There are 2 protein chains.
Amino acid sequence: MTAALPTYCTAEGCMWAPCGETGLPSRCPHAYDGPMPDRHTLTETEAAVSEHVGHLPLDFAAAHAISSLYRAANAARAHLTTTVLREHDLTWTSFVVLWVVWIWDGMETRHVAESAAISKATLTGVSKTLEQRGWLTRTTGEQDRRLVNLRLTDAGRTLMEELYPKFNAAEAQLITGLSPAAVTEMTTSLRRVVEAAEDTQTG
Amino acid sequence: MTAALPTYCTAEGCMWAPCGETGLPSRCPHAYDGPMPDRHTLTETEAAVSEHVGHLPLDFAAAHAISSLYRAANAARAHLTTTVLREHDLTWTSFVVLWVVWIWDGMETRHVAESAAISKATLTGVSKTLEQRGWLTRTTGEQDRRLVNLRLTDAGRTLMEELYPKFNAAEAQLITGLSPAAVTEMTTSLRRVVEAAEDTQTG
DNA sequence: GCCCGGTCGTTTGGGTCCAAACAATATAGA
DNA sequence: TCTATATTGTTTGGACCCAAACGACCGGGC
């Protein structure tokens, strides 16, 4: 993992960061006093990590890839929340739940949880919040009373019809820096990551 | 977004899902009775979405990419939590915080929050949890008493020296399905997504 | 008909998550 | 020296997150 790292010194030729902070080993001779760029070169991060566990074989490509994956997911969620969801008092997860229930015209909670990639415990909480707000209803199954079925209300369907195009437009904004071929390739690679994670879970 | 979707009917030629559930418009004439594969073809999802907002121009490539991104990030976090972090009672975020403080030999809370991509409010809570467990200390700045500095304890450093190689090995497991060139390309594309999200935030 | 094993959703307990509001602190300018 | 503005971290309130435990329910086997 190479989680986004603090500012490095902008002084000419200086590669350490962040200096000027109390308590840091003083690798950097320059006091930090500028605005903070928020990105670190890979080389600097690898250097810092190697100082700690450099005697071990580390897979920097994997670390960098997973850290980028996590950051991109967070950035995407923040973007979609800020531009589309927050004004409707929705979180990413509550929107995903609404979306799944919407496109399949109702669904049982165990399947919604699976589709939304959240636990059933979480799904119970989220669906109760959405029920309280009037976006969906929860109904016990008639043939199997263990099951709870979710359906959008009229208000919920209207909300999704208005919201989903905006959400999708905001999704499209996130890939403007990529060619169509690059988008396809990234999506394929991400699926491989999911498959690898699931293989080790099941294995 | 095409969040992972529920099982579709496995009956020959049948493309609707998930049938057999109470409350669903009965598009599918087959009762569902098999184990549940957990993936839907893109075509089926697009068909379902188009039924709801098909009159609008939708960017399915963007939807699919962002949904894959979110799923991959969740799968990666679940994998790393299950295989490495949970036995040490650590969450993904608490680990990221420890890692950042570790590789930079101490850091101020505002920078740790930025590096870990979490808010300062969250960082306060997480760092207090880690302090309670003895992994790090929180110290008020001497020159600027608004600032709080985090440093790992001896136990915290020992924990990271033991844990990080295992964490990195688990990270490497996640990209076994990708060639080195594909990993590099995916990482580059993910960075583009982060940049696009940040451009619209600032703009 | 009864019992057992399994599944479902909920509850519990504790952790993370963030926006907004707040208190403490620092700094610049008059 | 005083005031105003800005920055920092914390608190508040509410939402989400999940493992584990639990109660309700279902279905198979005897």
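Since the model is a prediction, treat every value here as computed from it, not as a measurement. We use all heavy atoms of the structure for the numbers below, so side chains are in, but hydrogens, waters and symmetry mates are not. Per chain, numbering begins at 1; letters A, B, ... match sequence-line order.
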If you compare every side-chain N and O of [X] against the phosphate oxygens of [N] (OP1, OP2), does one of them come in below 4.0 Å?
X         : N       : value
Ser119(B) : dC17(C) : no
Thr122(A) : dC17(D) : no
Arg146(B) : dA24(C) : no
Arg145(B) : dT25(C) : yes
Arg86(B)  : dA19(D) : yes

TODO: Please name all residues satisfying salt bridge (Lys or Arg N to Asp or Glu O under 4.0 Å) with Arg192(A), sequence neighbours left out, ordered by chain then number.
DONE: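 So Arg192(A) forms no salt bridge (Lys or Arg N to Asp or Glu O under 4.0 Å) with any residue.
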
Categorize [X] for me: base, sugar-phosphate, or nothing, with a 4.0 angstrom heavy-atom threshold over every strand shown.
X         : result
Ser94(A)  : sugar-phosphate
Thr93(A)  : sugar-phosphate
Ile118(A) : sugar-phosphate

Rounded distance in Å - [atom1] ([X]) to [atom2] ([N]):
X         : N       : atom1 : atom2 : answer
Arg110(A) : dC18(D) : CZ    : P     : 19 Å
Phe95(B)  : dG15(C) : CZ    : C1'   : 18 Å
Leu80(B)  : dC17(D) : CG    : P     : 18 Å
Glu108(B) : dA26(C) : CD    : P     : 13 Å
Leu85(A)  : dC18(C) : CG    : P     : 15 Å
Asp89(B)  : dA19(D) : CG    : P     : 13 Å
Asp144(A) : dA24(D) : CG    : C1'   : 11 Å
Leu150(B) : dT8(D)  : CG    : P     : 15 Å

Suppose we screen for side-chain contact (heavy atoms from CB on, under 4.5 Å). Which residues come up paired with [X], at least two apart in sequence or across chains?
X         : answer
Arg86(A)  : Thr81(A), Thr82(A)
Thr122(B) : Ile118(B), Ser119(B), Val126(B)
Ala169(B) : none
Ser50(A)  : Phe60(A)

- [ ] Hey, which sits more toward the 5' end of DNA chain D by its nearest nucleotide, Leu123(B) or Thr129(A)?
- [x]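 Counting from the 5' end, the first nearest nucleotide belongs to Leu123(B).
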
Task: Candidates Leu159(B), Leu163(B), Val84(B), Val100(B) - the one meeting side-chain contact (heavy atoms from CB on, under 4.5 Å) with Phe95(B) - done: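 Between Phe95(B) and the candidates, side-chain contact (heavy atoms from CB on, under 4.5 Å) is satisfied uniquely by Leu163(B).
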
So which protein N/O to nucleotides 11-14 of chain D N/O distances come out below 3.5 Å?
from    : atom 1 : to        : atom 2 : distance (Å)
dT11(D) : OP2    : Lys128(B) : NZ     : 3.0

Open item on the list: Quick check: Tyr70(A) with Trp92(B) (ring centres under 6.0 Å apart)?
Closed with: yes

